[in-house]
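Throughout, protein chains are lettered first and strands after them, A, B, ... in sequence-line order, and every chain is numbered starting at 1. All values derive from a computational prediction rather than experimental measurement. All values below were derived from every heavy atom in this structure, side-chain atoms included, with hydrogens, water molecules and symmetry-related copies excluded.
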Amino acid sequence: MLHLDSLISQSISDACNELFGFRPDEKQISIQSTRSEFQGERTVVVFPFTRLAKKSPEETGDAIGKYLVEHQEVVTDYGVVKGFLNLSISDKYWATALSSAVLEKNCFGLQPLGSKPQVMVEYSSPNTNKPLHLGHLRNIFLGYSVSNILKAAGHDVVKVQIINDRGIHICKSMIAWQLYGGGETPTSTGEKGDKFVGRFYVAFDKQYKIEISELLASGYDQKTAEADAPILLAARELLHKWEAGDSDVRELWSTMNGWVYDGFKFTYTEMGVDFDKLYYESDTYLIGKDQIEKGIESGAFIRREDGSVWIDLTDVGLDEKLLLRKDGTAVYMTQDIGTAILRFEEYPNLDRQVYTVGNEQEYHFKVLFEILAKLGLSQASRCHHLSYGMVELPEGKMKSREGTVVDADDIMAEMKTTAEQLARDAGKLENIPEEDRESLFKDVGYGALKYFLLKVDPKKSMLFDPAASVDFIGNTGPYIQFNYVRARSVLRNAGIDDVASLSPISPVHFDDTERSLLMSALSLPGIIEEAAKSYDPSLVANLCYDITKSYSSWYQNHPILNEEDDQVRTARLALCALSSSAVQIGMSLLGVSMPERM
RNA sequence: GGCCCUGUAGCUCAACUGGAUAGAGCAUCGCAUUACGGAUGCGAAGGUUUGGGGUUCGAAUCCCUACAGGGUCACCA
């Protein structure tokens, strides 16, 4: 909410009280931007008051408008159209709002750290056997950005990742490496560690399929063939040895995981994201098992005759769910229970926990939270699944089998090259010093990618069109960066070192274009708050675009440096400064860095 | 089949959470350049918000229903 709106809202409440003898509650007072075809900047919807005021919408609006002009100095004029009260705001208000926003400089819209409770955000948490792909990019950028936004809104944020470093899937690539690896390592082959291990995971799958079809040919039924394929049995054997602490198996396990981590680390650094703490499933699954034992004692869980442990959630409309296999080994859910509990123990001040995980796991998290509740843990209500939709390609879903998976490292490299190519085509290359190029192309290329993935409402599935994503015009990251660069250039040419020196700003006349630009930029604090509440970076992305579009259009026909009237010139410089810093702050929340030149 | 999500311009997305004549970008067509950075700006065209009911001052938004698409219901993670 605009600061302005809270002033107006208060006065409306007073007006209703004095004129009609009732105070509307906050939710009834709806203030929005005035449509451009009408006079004024803010519009109040008066319908909610008409019943209690016992007057027609027009009369009600007129009475409130009159009251506001008399009692609220920021309101200079009003007009009533149907049930809508349009308010004109004084130049003086805009000037002071601009002044104080400019004074805040790089902190505009940011709440003091720790003014809100501590929140933990989990994101990324990839399968360690598969290289990162496009879907992970959405997850990672989303989680990182939500963390930034929560921090900006004043929360103390802990960024974490759960590493699924144990389990049957890991054993699959281990057995494949033992069988076909011939002792090679990422160093010996020159491969990126995660890709190297991923190759063996694929090799496992290939062999597994061959063995299944052989078994089928010799008369097995599908289910038995899938369960009894020799290579799968070998992987299970490894899992047992691992759980028993066999030292050879553990050593191979930690070596191969090390390769994967090295590979991921490279990609994270390239993306500019980081974590405060890593949780490893191998450390938390035992806690989960303990909890399950407790749950059996308390009667929340049931142990069946074959030894497997289950929870019955049919009473809350879910199914029965397996918690421990009959051989006593842990499943995915087991460690998730342990991890959730461990986190709240380790961070006693933790208010809530946010899991950034794709929407295909909505059911899983529903079950998890329900289990925590059945265990009698109050944390259950403080867990939130930040669910996001899939990224689809023009030709449909990504399928590894069909080779349509878009690899994360590949797409990032491609974005960087495209940035360079476009700079060359635009003839901008010679203006950029050699030593700055690498980081500039990363800013622009990765910026385009991050913005492209974050501008869409997270919960919706989205289409990734490679051609459109590398486009640098229209609603794209580079378009925003470009206009930022131009604005910064104006400020440099004006010789402004410290934008705070522009304040105070005299109440010059602001025209419509200026008012709407100003309103856009001033809404940053409210948008940050809203984005933090709804875990939605797209709100911030869209605001950055709005500000940029307003700025660009304003810039086209409002001279700044060439303006002769000193007061107007200062006001315009301030507007330029505010717009650019608001955009810079917003984009940084998305994890996009803004170049000074491009 | 049960449960969950989605359906807005040719395409990709918005719409301040129930507010005025549903807005942007791309693509198409047209206009503007002695310029503080044209990787720009302005305009035209493009809509029965999947169909049908309902709720009310007012619906893309809430309810019911039909249809279409996706997800999920593993001793996988």
- Item | Stem list, RNA chain B (Watson-Crick or G-U pairing under 3.5 Å, at least 3 consecutive pairs) | B:1-7 with B:67-73, B:10-13 with B:23-26, B:28-32 with B:40-44, B:50-54 with B:62-66
Whether [Y] and [X] form a salt bridge (side-chain N of Lys/Arg under 4.0 Å from carboxylate O of Asp/Glu) is what I want to check.
| X | Y | result |
| --- | --- | --- |
| A/R569 | A/E564 | no |
| A/R424 | A/E420 | yes |
| A/K289 | A/E243 | yes |

[M] and [N], which share atom name [atom1], separated by this distance in whole Å:
| N | M | atom1 | value |
| --- | --- | --- | --- |
| B/rU21 | B/rU48 | C1' | 15 Å |
| B/rU49 | B/rC62 | C1' | 16 Å |
| B/rU33 | B/rA20 | P | 38 Å |
| B/rC13 | B/rC75 | C1' | 43 Å |
| B/rU6 | B/rA27 | P | 31 Å |

- Checking all strands, does A/R236 fall into the base, sugar-phosphate, or nothing category for heavy-atom contacts under 4.0 angstrom?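 It contacts sugar-phosphate atoms only.
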- Describe the nucleic acid contact of A/Q32 in one word from base, sugar-phosphate, nothing, applying a heavy-atom distance below 4.0 Å.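 Counting heavy atoms under 4.0 Å across all strands, the contact made by A/Q32 includes a base.
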Who pairs with [X] by side-chain hydrogen bond (donor to acceptor under 3.5 Å, both in side chains), at least two apart in sequence or on another chain?
| X | result |
| --- | --- |
| A/R325 | A/T329 |
| A/N557 | none |
| A/D436 | none |
| A/N359 | none |

- Would you indicate which nucleotide in B/rU21, B/rC26, B/rU6 comes nearest to any side-chain atom of A/K460? B/rU6
- Message: According to salt bridge (Lys or Arg N to Asp or Glu O under 4.0 Å), does anything in residues 33-42 of chain A pair up with another residue at least two apart or in another chain? List the pairs.
- Response: A/D5-A/R42, A/R35-A/E37, A/E41-A/R515
- Message: Generate the contact string for nucleotides 54-64 of chain B. Rules: B means base contact, S means sugar-phosphate contact only, - means no protein heavy atom under 4.0 Å.
- Response: ---B-------
- Task: Any chance you could list the contact pattern along nucleotides 69-74 of chain B? Use B for base contacts, S for sugar-phosphate-only contacts and - for none, protein heavy atoms under 4.0 Å, 5' to 3'.
- Result: --SSS-
- Item | Nucleotide B/rC75, atom C1' - distance to CD1 of A/I302 in whole Å |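 Checked: the CD1 to C1' distance equals 16 Å.
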With a 3.5 Å cut-off and sequence neighbours excluded, list the donor-acceptor pairs that the side chains of residues 78-86 of chain A form with protein atoms.
unit_1	atom_1	unit_2	atom_2	d
A/Y78	OH	A/D62	OD1	2.8
A/N86	OD1	A/T43	OG1	2.7

- Query: With no hydrogens and no angle check, is any side-chain donor or acceptor of A/T339 less than 3.5 Å from a backbone partner on A/Q335?
  - Reply: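 Side chain of A/T339 to backbone of A/Q335: a pair is present.
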Using the 3.5 Å cut-off, write out each protein N or O paired with an N or O of nucleotides 31-37 of chain B and the distance between them.
unit_1	atom_1	unit_2	atom_2	d
B/rC36	O2	A/I560	N	3.3
B/rC36	O2	A/L561	N	2.8
B/rC36	N3	A/I560	N	3.0
B/rC36	N4	A/Y555	O	2.7
B/rC36	N4	A/H558	O	2.8
B/rG37	OP1	A/S489	OG	3.2
B/rG37	OP2	A/N493	ND2	3.4
B/rG37	N7	A/S489	OG	3.3
B/rG37	N1	A/M598	O	2.8
B/rG37	N2	A/K428	NZ	2.4
B/rG37	N2	A/M598	O	2.8

- Does A/K459 have any salt bridge (charged side-chain N to carboxylate O under 4.0 Å, His left out) partners at least two apart in sequence or in another chain, and if so, which?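 Scan of A/K459 (salt bridge (charged side-chain N to carboxylate O under 4.0 Å, His left out), adjacent residues dropped) gives A/D457.
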Any N/O pairs under 3.5 Å between the protein and nucleotides 22-25 of chain B? List them or say none.
unit_1	atom_1	unit_2	atom_2	d
B/rG23	OP1	A/R35	NH2	2.7
B/rA24	O2'	A/Y545	OH	2.9
B/rG25	O2'	A/N475	N	3.3

- Task: For A/F84 and B/rA20, say yes or no: do the ring centres fall under 5.5 Å of each other while the ring planes differ by less than 30°?
- Result: yes
